[in-house]
Every structure is written in structure tokens, then in C-alpha cells.
Q: 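Can you keep this structure in mind? I'll have questions shortly.
Everything numeric in this text was worked out from a predicted model, so none of it was measured. Chain A is the first sequence line, chain B the second, and so forth, proteins listed ahead of strands; every chain is numbered from 1.
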Protein chains: 2
Amino acid sequence: MDVALLHAFVQVSEIGSISEAAPALGYSQPGLSQRIQTLERRLGCRLFERGPLGVRLTDRGEAVLPYARIMIGVADALRAEARRD
Amino acid sequence: MDVALLHAFVQVSEIGSISEAAPALGYSQPGLSQRIQTLERRLGCRLFERGPLGVRLTDRGEAVLPYARIMIGVADALRAEARRD
DNA sequence: TTCATTTACGAATAGCGTAAGGATG
DNA sequence: CATCCTTACGCTATTCGTAAATGAA
């Protein structure tokens with residue numbers, strides 16, 4: 001479970017579009033699409049419904065989202081703790 | 001920030017030995033040693049003091065440990081949420 | 001010498017970008 | 001046909017195990 005994948009997930013869910021989120025995350029559009037697929041494969045469930053106007057969270061995606069946000073927050077705190085003087 | 005790395009970190013800290021923790025995690029001993037080094041490099045701090053009788057947490061390692069445990073717990077909850085019916 | 005970790009190195013794997021493909025309005 | 005997302009493919013970087021090296025008691 002890589003926090004970078006969760007970060008991509010959260011960003012895409014907020015923007016509602018892979019192609020739009022990609023540059024914001026520093027990825028190419030297909031690269032980000034692959035990342036989302038990797039996350040879905042690892043979790044064993046579909047997080048987004050795809051459409052020609054972007055993506056939308058599935059119910060499962062909605063359920064997972066808050067946990068992803070918590071993971072990102074704790075990861076930040078962990079890193080901060082590691083670098084404290 | 002990969003939760004698998006944190007899992008290795010916690011396990012090694014509990015067992016107090018890389019060589020002993022390795023089989024429990026399904027890794028070779030050098031493989032686990034490399035994993036710990038990878039985590040330390042990514043966090044930018046040393047987590048263990050190495051000795052000829054095993055390893056011991058540094059102060060920084062002690063500080064990071066509870067966050068690692070939280071990460072693992074939240075990751076489990078996230079996965080459970082993803083697979084719920 | 002024994003038991004611990006690290007380093008070296010080669011093979012397999014994963015990650016990412018470019019280019020092409022498919023689908024929908 | 002314009003705009004999404006996906007697939008294909010190649011290259012690079014990461015990962016992990018085996019073997020050799022290092023260090024301390």
C-alpha cells in the first residue's frame with residue numbers, strides 16, 4: 001500500500017478527471033491512468049466509473065476515500081517526526 | 001511511503017534482529033537489510049543502531065514507531081473497506 | 001570462529017512516457 | 001470530431017536473492 005497511489009486517488013477524486021489531475025501530480029495522463037488501475041488492482045475493487053467527461057467515484061471509492069485521506073495525514077506526521085531535530 | 005516497509009520496520013523493532021525477522025516476513029536476510037536501509041534513506045534518518053548482537057531502535061526510531069503502527073492499522077482498515085460486500 | 005549486518009552484482013519486476021487505440025457525446 | 005480514458009510497447013529504475021565481505025565478541 002503506497003501512499004503515493006492514495007495521493008493520486010484523492011487528487012483524481014477531487015478534480016474528477018485523470019487528464020486534468022495528471023499535470024498537477026507531475027505525471028503524464030496515461031501514467032496516472034495506469035497508477036489508478038494499479039491501485040484498483042491492489043485493492044481488488046473499482047474506485048472510479050469512467051466516462052467520456054471524466055471519472056466519478058464508485059460507492060466503494062467513496063467508502064475508501066476517507067481512509068486514504070487519513071493515510072496521507074499520518075504519513076505526513078510520520079515524515080515530520082522522522083526529520084524533527 | 002510504502003506500508004510494507006513500515007511493516008518490516010515494526011517487525012524488526014519487535015524482534016530486535018534483522019536476520020531473525022527476515023524469514024518471518026518472507027525475505028532473505030540481506031533483502032530485509034536492504035529494505036530497512038531503503039526506509040531509512042527515504043525518511044532521511046537512522047532508525048536502528050546496529051550491533052553484533054542485533055539491532056536496537058534509535059531515539060528517532062522510537063519516535064517514528066507509533067506512527068508506523070498507526071499507518072499499518074489504517075491501511076488494514078482501508079483494505080477491509082475496499083473489500084466489504 | 002561464530003553470528004550479526006552490509007556490499008556487490010545479476011535477474012526479474014515494476015513504473016513511466018510516447019504513440020496508438022477505443023468509446024462516447 | 002473532440003475529448004476523455006485505455007492499451008501497447010520500450011526504456012529506465014527499483015527490488016530481491018545469492019555470494020562475498022566486514023565487524024565485533
Q: Does the side chain of A/Met1 reach to within under 4.5 Å of the side chain of A/Met71, using non-hydrogen atoms?
A: yes
Q: Side chain of B/Gln34, heavy atoms from C-beta onward: which of C/dA8, D/dA25, D/dT14 has the nearest atom to it?
A: C/dA8
Q: Assign A/Gly26 to base, sugar-phosphate, or nothing according to its heavy-atom contacts below 4.0 angstrom with the strands shown.
A: sugar-phosphate
Q: Roughly how far, to the nearest 0.5 Å, is the NE2 atom of B/His7 from the CG atom of B/Leu39?
A: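 Between B/Leu39 CG and B/His7 NE2, I get 13.5 Å after rounding to 0.5 Å.
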Q: Would you say the side-chain atoms of A/Gln37 and A/Ser33 include a donor-acceptor pair closer than 3.5 Å?
A: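 Judged by distance alone, the side chains do pair up.
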Q: To the nearest angstrom, how far is A/Arg41 atom CZ from D/dT7 atom P?
A: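 Answer to the nearest Å: 10 Å.
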Q: D/dC16, OP1 or OP2 - any side-chain N/O from B/Arg35 closer than 4.0 Å?
A: yes
Q: What nucleotide, of C/dT7, D/dC16, D/dC4, holds the atom closest to the side chain of A/Ser17?
A: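 Among C/dT7, D/dC16, D/dC4, the one nearest the side chain of A/Ser17 is D/dC4.
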Q: In whole angstrom, what separates A/Asp2's CG from D/dT14's P?
A: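 In whole Å, D/dT14 P and A/Asp2 CG are 13 Å from each other.
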Q: Quick check: on DNA chain C, is the nucleotide nearest B/Glu20 upstream (toward 5') of the one nearest A/Pro52, or the reverse? Name the residue that is more 5'.
A: B/Glu20
Q: Given side chains that start at C-beta, do those of B/Phe9 and B/Leu57 come closer than 4.5 Å, heavy atoms only?
A: yes
Q: Check A/Leu32 against A/Ile18 and note the closest heavy-atom contact, atom names and distance.
A: CD2-O, 3.4 Å
Q: On the nucleotide D/dC16, are OP1 or OP2 found under 4.0 Å from the side-chain N or O atoms that B/Tyr27 carries?
A: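 B/Tyr27 to D/dC16 OP1/OP2: side-chain N or O found under 4.0 Å.
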Q: For A/Leu5 and C/dC16, give me the distance from atom CG to atom C1', rounded to whole Å.
A: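 Rounding to the nearest Å, CG of A/Leu5 and C1' of C/dC16 are 13 Å apart.
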Q: Side chain of A/Pro30 only, heavy atoms from C-beta on: which candidate in C/dA19, D/dT18, C/dT5 is closest?
A: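 In terms of side-chain proximity for A/Pro30, the closest of C/dA19, D/dT18, C/dT5 is C/dA19.
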Q: Counting only side-chain N and O atoms of B/Gln29, is one of them less than 4.0 Å from OP1 or OP2 of C/dT5?
A: yes
Q: Side chain of B/Thr38 only, heavy atoms from C-beta on: which candidate in D/dT15, C/dG15, D/dT6 is closest?
A: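 Of the candidates, D/dT15 comes closest.
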Q: Report yes if a side-chain nitrogen or oxygen of A/Ser33 is closer than 4.0 Å to either non-bridging phosphate oxygen (OP1 or OP2) of D/dT6; otherwise report no.
A: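 Checking A/Ser33 against D/dT6: at least one side-chain N or O falls below 4.0 Å of OP1 or OP2.
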Q: Output the rounded distance in Å from CD1 (A/Ile18) to C1' (C/dT24).
A: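 Between C1' of C/dT24 and CD1 of A/Ile18: 15 Å.
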Q: Send over the distance from A/Leu53 CG to C/dA23 P, rounded to a whole Å.
A: 17 Å
Q: Hey, is the side chain of A/Ser28 poking within less than 4.0 Å of OP1 or OP2 on C/dC16, counting only N and O atoms?
A: no
Q: Taking only N and O in the side chain of B/Ser19, is any of them less than 4.0 Å away from OP1 or OP2 of C/dT5?
A: yes
Q: Please give, in whole Å, the distance from C/dT5 P to B/Arg46 CZ?
A: 13 Å
Q: Between D/dT6 and A/Arg50, is there an OP1 or OP2 to side-chain N/O distance shorter than 4.0 Å?
A: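 True: A/Arg50 side-chain N/O within range (under 4.0 Å) of D/dT6 OP1/OP2.
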Q: Can you check the B/Gln37 CD to D/dC16 P distance for me, whole Å?
A: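 In whole Å, D/dC16 P lies 13 Å from B/Gln37 CD.
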Q: Under 3.5 Å, which donor-acceptor pairs link side chains of residues 42-56 of chain B to any protein atom two or more places apart or in another chain?
A:
unit_1, atom_1, unit_2, atom_2, d
B/Glu49, OE1, B/Arg56, NH2, 3.0
B/Arg50, NH1, B/Glu40, OE1, 3.3
B/Arg50, NH1, B/Glu40, OE2, 2.9
B/Arg50, NH1, B/Phe48, O, 3.0
B/Arg50, NH2, B/Glu40, OE1, 2.9

Q: Provide, to the nearest angstrom, the distance between the CZ atom belonging to B/Arg56 and the C1' atom belonging to C/dT5.
A: 16 Å
